[in-house]
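For this chain, numbers begin at 1 and follow the sequence in order.
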Amino acid sequence: MSAASTFLENELLDHVLGEGARNYTPPTLYVALFSGPASDVSAALESGTMANSAGNWGNFEINTGGYVRQSINFAAASNGQASSNVTINFPQATANYDNPAGSGSTVSYVAIIDQVDDGSTTANVLFYGALTNAKEILQNDTLSIQSGSLTVSLA
């Protein structure tokens, strides 16, 4: 067997994202923003850690301009996917966005993380993906992700 049913996909998504009937209470989930070469960011999000060093996703997460991860909630899964059910507004940038790798101000990836950035290195990436339209965030810009526009699937 090589495929999960839509029912199972919905149940797994609801469990991890904290929706529907469950015996599990997930931590607060957060959206994190990343910039850098697609293959490097993707590889780091897949198997790296929060460390600010080569090969790790911490090296590509935005860390300037007043950026902070924002909490997110999801609606119950349907048809094997779950969508955000809140609009996420990042603070107005106090400077151009960048990251420890010096990749610049163009946000190209987002990830769902299980911890706010509190200085520890124990946060985990749960889901990640490239933005359909990368967005350059310069001083005084504000990035918003509209409710329903961030979708997570197991496929």
Under 3.5 Å: donor-acceptor pair, side chain of [X], backbone of [Y]:
X	Y	result
Q146	S144	no
S103	P37	no
Q139	A95	no
T94	G65	yes
D14	A77	yes
N99	E61	no

Discussion item. Looking at every heavy atom in both I137 and A93, which two are closest together, and how far apart are they?
Written reply: CG2-CB, 3.9 Å

Practice prompt. Looking only at non-hydrogen atoms, find the nearest pair between V125 and A111 and report the distance.
Written response: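 That closest heavy-atom pairing would be CG1-CB, 4.2 Å.
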
Measuring from [X]:[atom1] to [Y]:[atom2], what's the distance to the nearest 0.5 Å?
X	Y	atom1	atom2	value
L12	S153	CG	OG	12.0 Å
R69	T28	CZ	OG1	13.0 Å
N79	N10	CG	CG	7.0 Å
L126	L17	CG	CG	8.0 Å
K135	D141	NZ	CG	5.5 Å
N96	D98	CG	CG	8.5 Å

Close side-chain approach of [X] and [Y], heavy atoms under 4.5 Å:
X	Y	value
L131	S108	no
Q70	Y30	no
F74	V86	no
S35	I62	yes
I112	L150	yes
S53	N59	no
N73	S84	no

Discussion item. Taking side-chain contact (heavy atoms from CB on, under 4.5 Å) as the criterion, tell me which of V110, I113, L29, L154 meets it with F127.
Written reply: L154

Practice prompt. Mind running side-chain hydrogen bond (donor to acceptor under 3.5 Å, both in side chains) on E136 and Y97 for me, showing each step along the way?
Written response: CA-CA 8 Å; E136 185 176 32; Y97 274 10; over 6 Å; no

Worksheet item: Run the side-chain contact (heavy atoms from CB on, under 4.5 Å) check on F60 and Y109 step by step: do they pass?
Response: CA-CA 9 Å; F60 299 104; Y109 273 78; over 6 Å; no

Practice prompt. Before giving the answer on side-chain contact (heavy atoms from CB on, under 4.5 Å), spell out for L33 and Y67 the whole-Å C-alpha distance, their side-chain angles and the decisive distance to 0.1 Å.
Written response: CA-CA 9 Å; L33 306 177; Y67 160 83; 3.7 Å; yes

Practice prompt. Applying side-chain contact (heavy atoms from CB on, under 4.5 Å), run through V107 and F34 and close with a yes or a no.
Written response: CA-CA 5 Å; V107 174; F34 301 85; over 6 Å; no

Fill in: Any side-chain donor near an acceptor of the partner, T151 and Q81, under 3.5 Å
no

